[in-house]
Amino acid sequence: MKRSNPVAVLVSGLGLCLLASGTAPLGAQEARVDGMQGNAGAGKQYYRRYCIGCHGKEGDGSGENAQWIDPRPRDFTIATFKCRSTPTGTLPTDADLFHAITRGFVTTNMPPWGPLTRQVRVDLVAYIKSFSPRWKTQGPGTPISIPAETPANMESILRGRELFQKMECWKCHGPAGHGDGPSASTLTDSKDNPIRPYNFSSGSRFKCGETNEDLYRIFMTGLDGTPMPSFADNIQPQDAWDLVHFLRTLQPLPTPEAAAWHAWLPAHAGELKPIGPDQGGQ
Amino acid sequence: MTDRLVKGRSCLGWRLPVVCGALLAGAGSDLAATAPANRPTRAPAAEAGPAYTAYVAASGGVLPAAARVAIAAHREATIPAFARKYNMPCSACHTAWPELNAFGQTFKDNGYQIGNDRDSPIWLNPSYIPFAIRTTPGWRLERTTHQPVDDGLGGTVEKTLTQSGFDISGADLLMLGTLYKDITFGFVPTVEDGEGVGIEAAFVRFDNLFRSRWANLKVGKFELDNMLSEKRSMMLSSNGGFYQTYHFVPVGDGTDFGLGDNQIGAEWLGHSANSYTRFSVAVLGSVDGVPGLPSAKSSYDAAFTLSQAFEAGKLGLERIGLYGYVGQRATTFETSGGEPIPGTGRNSKGFYRVGAVGDFFLGNLELLPLFMHGSDSKDLAGGTRSATWNSGLLELHYYVSPQLVFTQRDEIIRMSRQADPATPKKLGNIDAFTFGYRWYPIMYSRAGLALVGEVSFTKTTGTVPLSGDGVGLDPLSPSTGVRSTSVLLALDFDF
Amino acid sequence: MRTKHVASFALLALAASTIAAGPAPRAGSVSGTVTFTGTPPKMMKIDMAKEPSCEKQHPTPVMTESVVTGPGSTLANVVVYVSAGDQPGPAPSATVRYDQKGCEYIPHVAVMHVGQPLEIYNNDQTSHNIHPLAKANPEWNKSQPAGSPPIKATYDKPEFIAVKCNVHPWMHGYFAVLATAHFATSDGNGKFTIPDLPPGKYTLIAWHERFGTQTQEVTVGESEAKADFVFKALPY
C-alpha cells in the first residue's frame, strides 16, 4: 500500500478544521447579547473577581461561602436554570443569563450586578456556559411566544382565580398566596435542599423579575431545579394572562389589577367560592 | 483610623515637642529644636483640639511658617464585616482593597444595601457583626536630607537623617452598617499606642429619602466624597500614603485644611441606579474635622463633587469628575486674660480648592489623574495678596489579578503666586513619586491580608516636607530641595 | 490427492453451512433470582392525609417502596440489564407507560431504552407535577392536572433518574434509561428473565435504588442461562 504523504494529511486535516470552525455556529465559549459579543477567556478573570466566592472555582456552587448561604448558589455544571424564556428542560438564551446577572435574585445572596459594565456581564455569560458540556451539544431552547397582554379587567381576574384553583397552585402557594399551602412545608429543590414557595403577600419582586411578562414566563416555563413546574401544557397562552392578573391581586402593590380587585371586592365578596380543597376534590 | 505609618503634621505629631516647647518658651516664631524627634506618629484629629487652639492662640490667630497643621491621611474602610454578611469575596466590591470598584461604590451609595431583600432590618447570620478591624505592622525606613542639626560648636549644619526599624500602626475599628432599612451608620474609632483613641468617623445616613436614590443625607464626621479617596489609598508609607495635593498650603500660610481629612457637617448625595452618575453637596464646619467648636463662631465651609461614568467596551468603565471646596478660617480670636477663647474666631477669610479628577480603566490598568487649583486669601496666607497654586498627580494601578496590584504615583505642586511678593516663586513646591505593590495572599470573606511594599520620594523646595520624618525645621536656604524618602514593607491586616 | 479433495470439500461445506446458517440460531435468555443478605430497612407507612382523594383509594395505608422484598429474602424492583456484549440497536418503538394512580407511581421503576417513547398518565383526581431529577439528561418539571392528556417524553442518554412529585412529597419513582434493549425488572418474587439474547458472553448489571449495583458475567447458549444476584442489605 502506498504510504500516504503525512504533510498532505496534515494540511488537509487542518483545512478541514478551519472549514469546520468557519462554518460552525457560535461556539459554547462565546455569548452574544444585544449585539455585544462575550468571550469566556475574558469572563474567567471577572468570574474570579466577582463570582468565585459563592459559585466556586469549578462553577458547581460550592464556593468558600456556599455552606452558609440559603438558597445555595447555582451549580453551573448541571446547566439547570430557573429564569428562562425557554421551555422547561431546555437551556436558557444568552439574554436570559445576562438579565439574571443584571437583576440578581431577590431573597437570595445573588446581588444585582448592574454596576458592572455590559461587556463584563456578557463575558461572564460566556464563561458560565463553559462549565457544562451541555452547551456544546445543545443550543438554547426556543423562547416561548408570548401573546399581547389581555386587558386586566375583572373578568380576566376572575378567570385567573379559577385557574389558580383548577391548576392547584394553592397546594403550595396557599389559598391567599402566602406560601403556606398544604405541600409548602415539604418542598425540596432538585438537590434536596428545603425551599419555600413564593409568598405573594410579601410584595417582593419575583425571582425572575417584576413585570407581568416576567410572571407570565415563570409559570409558563417553570423554574427548573425547583418544585415550580411549567404549566405550558395545561394553560392556553391567552388564558395565562388571566392568571397573571389574578396573581397581581395577591400582592400588596399598587397595581391596576389590585386596584380593580379591591374596588370590586366589597360588593361581591359573597359570590366567591373559597380557594382550596373544598372544591369537590379537583 | 490612625494613619498607619504616615507621618503627619499636627501639633500632636512629632512636632509636638518642638512646637509646644516654643509655646512654653513664650517664643512666637522662634522654633529652635528643643527636643529630639520622637518616634514619628500621627495624632488623631480629635486630640489635636486643645493643644491646637492653644497653639492658634499663641500664634495670634495666624499660624507661623513651620507649623502647618494640616491633618494627614488616615486609613479606612475595607470591611470584612460586609463580606461576612453577604458571603462575597473582597474582590467583589474592591478593585484591590481598600479601593472600591463600581459594584462596591454602588453598594456604598445605596447605604450599604445590596437591594435583594436580604438587607433590612439588619439581617444577622451568626458570622455577621458590623465590626471589622484593620491594622498594619511592618518595617520602615525614613530618610530626610538637609536637616539642620547642631554641629556641637554652637552653629547649625545640614545633615541627612535616616531611621529604620520595625513599627506598628494603630488600629482602625470599622463599624459601618445598617441600623434599619435605608438608615446607615458609621463609627470608626482609631486606637494608637501612646495617643489614645480618636474618632475618625461618626455619622448617620438617611438613604433613599422620598424613595429616591438622589436624596441621601449624611450627618456627622465623615470623609468627603472624593473620587480619589485618601482614606482608601493603596499606599501606606509616610510619604506614599499621603496626597501632598490634599494637604498643601503655601509657606507662611496658616490655613488648617486638608481635602483628605474627614470633615464634620452634613452631606447630600445623589446617585443613579448603578452609580454611574454621582454628585454630593456638603455643608461643613470650618474646623477641618476637629470636634469641640474650636474655631470661628458660626463659620461654615462648603464642598461639592460631581462625576459621570461611562462604559468603554472592552476597556472598562471610565469616570470623570469635578470637585470643589470653599471655606473660611478665623484670623483673630477673642481673648480672656490673654488666652484665646475657642469658638470665638472673627474676621474669617476665605480659601478654595477646585479641580478635576478621572478614573480610567484600560483593561487591567487603572489611571487616576487629578488636577487641583488652590487659592488662600492674603490674610490666611500671611502676605499682601492671595496665594495660588496648581497641582497635578497621576496615579496608576496595574491589576495583575484580583490579588496582586502594582501602584505608581507622580505628583507635582507648583506655586503660581506667593502671598508675599518677596518670597521666592519656587518656595514650597513639591515633587513626589511613589512605587509600590500590594499582594493579597489570602482573600477570604472573613479576613484579608495584604503584603505591602512601597518606596516613596518627595522633594520639597525650601521648607519642611509635609510628610515623612525629620527634625521639623526648614532647611538653611529657601532654595534647597529637601528630599524625604520612605521605604515600607508591611502586613496590612483586615478582619 | 483424494484426501486433499475431501478435506477441502469438507472445509467448503463447513464454511457454507456457517454462512448459510444466516442470523444467530434460536436466541437464548438469562433468568435468575435476586436475593439479599442482611437486614433491609423497614418500610414506612405513607400518610396521604394531605390528599384525601388518594387516601380514600387505599383501604390500608401504602408503604414506601425504596426496598420491596418478597418471600425468601428476594428483592423486587431490581433492574437487570446487559452492559457489555450485545450489539447496540435502535430503540424499541413500544411505548413505556408510567402511571400516577392513588398518588403512587406504577411501576415504581420504569425501564426504557435510550430514545424509547415514554408516556406518563395521571389517573388521579388531583394535579401532579412530574419532576424527573435528571442530571445527564435535561431536567424538566411539568404540571399535569387531573384529566390531562399523557405527557410524552424521551431520554437521550443512559441514566437512572429519580422521579418525584413536589406536591405529594411521598411519591418516589425511577426512570431507568438504558443503552441496551436487553433488560428486565425483578418481580415480587425477585425473579427476572431477559429474553431474546443471542448466544455469547455478556456482562450483566443488576441495579437497586438503595443497595447499589452488582455485576456478573454470563455466557448465553441456546438455552436459558442462569444468573442470580445477591445484594448486601443494610438497615439504613
Side-chain angles (χ1 to χ4, degrees), chain A residues 34-39 41-57 61 63-73 100-124 198-199 202-207 210 254, chain B residues 82-96 100-110 113-119 123 125-128 271-276 278 309-319 361 363-364 399-403 442-447:
Chain A
D34 287 344
M36 272 185 308
Q37 183 133 334
N39 172 265
K44 182 171 182 179
Q45 55 160 331
Y46 301 126
Y47 184 89
R48 178 183 169 188
R49 170 176 283 286
Y50 299 112
C51 319
I52 208 171
C54 296
H55 289 282
K57 189 152 165 283
E64 170 211 352
N65 298 303
Q67 51 193 307
W68 289 287
I69 292 177
D70 178 38
R72 301 292 295 250
I101 294 175
T102 306
R103 197 174 45 217
F105 286 84
V106 71
T107 70
T108 74
N109 282 70
M110 174 69 179
W113 291 102
L116 271 48
T117 66
R118 286 174 305 141
Q119 183 64 55
V120 167
R121 284 177 266 148
V122 177
D123 288 334
L124 281 170
Y198 178 70
N199 176 358
S202 71
S204 79
R205 304 194 300 274
F206 309 121
K207 270 290 180 292
E210 49 197 329
Chain B
F82 288 136
R84 291 194 292 272
K85 178 177 179 182
Y86 292 103
N87 289 292
M88 300 177 69
C90 310
S91 53
C93 291
H94 296 273
T95 53
L100 289 172
N101 63 27
F103 181 73
Q105 182 67 63
T106 307
F107 173 66
K108 183 181 175 201
D109 287 347
N110 284 330
Q113 298 175 121
I114 289 235
N116 56 0
D117 285 3
R118 275 273 163 100
D119 305 306
W123 174 65
N125 67 34
S127 59
Y128 172 65
H271 66 103
S272 62
N274 52 12
S275 285
Y276 282 9
R278 308 180 66 251
F310 47 94
E311 296 183 5
K314 289 205 188 298
L315 290 177
L317 194 67
E318 322 298 346
R319 187 182 284 276
F361 277 91
N364 284 337
Y399 301 94
V400 175
S401 78
Q403 288 174 254
I442 63 174
M443 187 177 273
Y444 301 131
S445 298
R446 271 119 193 102

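Only heavy atoms go into these numbers, but all of them, side chains included; no hydrogens, no water, no symmetry mates. The sequence lines fix the lettering, A, B, ..., with proteins before strands; numbering per chain opens at 1.
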- Nearest 0.5 Å please: distance from the CG atom of A:Leu124 over to the OH atom of A:Tyr47. 9.5 Å
- Tell me, for B:Tyr276 versus chain A, whether the close heavy atoms (under 4.5 Å) come from the side chain, the backbone, both or neither. side chain
- Message: If we define contacts as heavy-atom pairs under 4.5 Å, which of A:Glu64, A:Gln119, A:Arg103, A:Arg49 has the most with chain B?
- Response: A:Arg49
- Task: Under 4.5 Å heavy-atom distance to chain B, tell me which part of A:Met36 shows up: side chain, backbone, both or neither.
- Result: neither
- Message: I'd like to know whether NZ of A:Lys44 has more than 12 heavy-atom contacts from other residues, nucleotides or ligands below 6.0 angstrom.
- Response: no
- Task: Identify the two heavy atoms, one from B:His94 and one from B:Leu100, that lie closest to each other, and give their separation to 0.1 Å.
- Result: CE1-CD2, 3.6 Å
- Message: Treating A:Tyr198 as the side-chain partner and A:Ser204 as the backbone partner, does any N or O pair qualify as donor plus acceptor under 3.5 Å?
- Response: yes
- Answer with side chain, backbone, both or neither: which region of A:Arg118 has an atom nearer than 4.5 Å to a non-hydrogen atom of chain B? both
